[in-house]
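All residue numbers refer to positions in the sequence shown, counting from 1. When reading the values below, keep in mind they use all heavy atoms of this one structure, side chains included, and skip hydrogens, waters and symmetry mates.
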Amino acid sequence: MHSSEPERGQNALEPLVDFALAERDLFFDVPDDPCLGPLKHSVTIIQGGEQVNTIPDYAELRGNIRPTMRFDNDHVTARLQAAVDRLNQEGAAHLTLEVLHSWRPVASDPDGDFVKRALQASQEAFAKYPGHATPELGVIHGATDASVFVKHHHDLPVILLGADDWNISHQVNEYTTLSSFEATIEAYKRLIPAFFE
């Protein structure tokens, strides 16, 4: 359909723009999780159209959501589907929802024995390597294999313990220092015997 006669077709980008605007406020009322904090969500890709003088008949939008224990994957999917259904009913949209990946949120009790031992082991290990910040408990919203580990073992305590600062991961200048790498190995050496006590 030529762009000089947009009334003769349906622009596939328009309902996606409507959805993207709705998605910005779709989770505003979700309470923060006691361990994981706020649910994180972003529309990250919109693709559609081939040239400026034709009305696109197909378009797609992709996004990324980090569910929490309080508002998990099933709740997120249900809310997204409700938004799609509402937009389809309100207009001439033919939106469909497809979940490509469904990584479950993971949280371990910060007061649990395993977490406390891991924190102590990492603090003792990093203390031997001057120049590094003292490890602290924190929350990250990254997707990891931890979701697979707890899929069938829901009570498995899980932590992420690695070298250097999480804030530099996925950056152009991502790096780790040798001393941080060695301190992390030392932390694991201190932590592993706790499993056999």
Side-chain angles (χ1 to χ4, degrees), residues 10-52 54-110 115 133 135-151 154 156 158-176:
Q10 181 178 352
N11 188 330
L13 287 171
E14 290 177 357
L16 286 185
V17 170
D18 292 340
F19 178 84
L21 290 172
E23 192 277 343
R24 285 197 307 193
D25 297 321
L26 199 56
F27 302 100
F28 75 95
D29 62 338
V30 172
D32 286 0
D33 186 273
C35 289
L36 299 177
L39 179 142
K40 303 286 188 170
H41 60 104
S42 302
V43 171
T44 54
I45 299 173
I46 294 180
Q47 293 178 328
E50 296 177 2
Q51 54 191 39
V52 295
T54 59
I55 300 298
D57 62 350
Y58 174 83
E60 65 181 51
L61 171 150
R62 294 186 184 203
N64 195 298
I65 300 178
R66 306 303 168 117
T68 66
M69 304 298 278
R70 180 172 275 182
F71 203 85
D72 68 8
N73 303 43
D74 298 333
H75 288 96
V76 167
T77 301
R79 189 163 291 192
L80 290 170
Q81 187 62 59
V84 166
D85 293 344
R86 180 180 56 78
L87 288 169
N88 285 341
Q89 290 171 358
E90 289 176 354
H94 301 290
L95 297 172
T96 59
L97 174 68
E98 180 182 0
V99 178
L100 300 178
H101 303 286
S102 187
W103 297 95
R104 295 279 171 187
V106 177
S108 294
D109 179 4
V115 174
E136 298 176 355
L137 291 181
V139 174
I140 63 166
H141 293 279
T144 73
D145 291 341
S147 295
V148 178
F149 300 152
V150 299
K151 190 172 185 178
H154 304 295
L156 179 70
V158 175
I159 60 161
L160 299 178
L161 173 59
D164 283 304
D165 190 341
W166 170 259
N167 293 324
I168 62 172
S169 65
H170 302 299
Q171 304 297 319
V172 173
N173 61 344
E174 181 177 1
Y175 69 91
T176 187

Query raised in the report: Does atom CD of Glu136 have more than 12 heavy-atom neighbours, drawn from other residues, nucleotides or ligands, at distances under 6.0 Å?
Result: no

Query raised in the report: Can you tell me how far OG1 of Thr44 sits from CG of Leu61, rounded to the nearest 0.5 angstrom?
Result: 7.5 Å

Requested in this report: With rounding to the nearest 0.5 Å, note down the distance linking CD1 in Ile46 to CZ in Arg62.
Outcome: 12.5 Å

Query raised in the report: Does the side chain of Pro56 reach to within under 4.5 Å of the side chain of Leu13, using non-hydrogen atoms?
Result: yes

Report task. Measure from the side-chain N and O atoms of Asp33 to the backbone N and O of Arg70, and report whether any donor-acceptor pair falls under 3.5 Å. Result -> yes

Query raised in the report: OG/Ser102 to CG/Asp74 distance, rounded to the nearest 0.5 angstrom?
Result: 7.0 Å

Query raised in the report: Hey, does Ile65 have a side-chain heavy atom less than 4.5 Å from the side chain of Phe27?
Result: yes

Query raised in the report: With a cut-off of 6.0 Å (strictly less than), are more than 12 heavy atoms of other residues, nucleotides or ligands near CD of Glu174?
Result: yes

Requested in this report: Could you list the residues that satisfy ring-ring contact (aromatic ring centres under 6.0 Å, His included) with Phe19, not counting sequence neighbours?
Outcome: none

Report task. Indicate the atoms forming the closest heavy-atom contact of Ser147 with Arg104, along with that distance. Result -> OG-O, 2.6 Å

Query - Side-chain donor or acceptor of Asn88 paired with backbone N/O of Leu95 under 3.5 Å - result: yes

Requested in this report: Would you give the length of the straight line joining atom OH of Tyr58 to atom CG of Leu16, rounded to the nearest 0.5 angstrom?
Outcome: 9.0 Å

**Report entry** Results of salt bridge (Lys or Arg N to Asp or Glu O under 4.0 Å) for Arg86 - residues two or more places apart only
**Finding:** Glu90

Requested in this report: Locate the shortest heavy-atom distance separating Ala12 from Ala59; write the atom from each residue and the value.
Outcome: CB-N, 3.7 Å

Query raised in the report: Taking Ser108 for the side chain and Val158 for the main chain, is one N or O donor matched with an acceptor at less than 3.5 Å?
Result: yes

Requested in this report: Quick one: closest heavy-atom pair of His41 and Arg24, and the distance?
Outcome: CE1-O, 3.6 Å

Query raised in the report: Got a second to check how far Thr96's OG1 is from Glu60's CD, nearest 0.5 Å?
Result: 9.5 Å

Requested in this report: To the nearest 0.5 angstrom, please state how far the OG1 atom of Thr68 sits from the NE2 atom of His75.
Outcome: 9.5 Å

Which atom pairs, one a donor and one an acceptor, fall under 3.5 Å between side chains of residues 77-85 and the rest of the protein, sequence neighbours left out?
from, atom 1, to, atom 2, distance (Å)
Thr77, OG1, Asn73, O, 2.9
Arg79, NH1, Leu26, O, 2.9
Arg79, NH1, Asp29, OD1, 2.6
Gln81, NE2, Asp85, OD1, 2.9

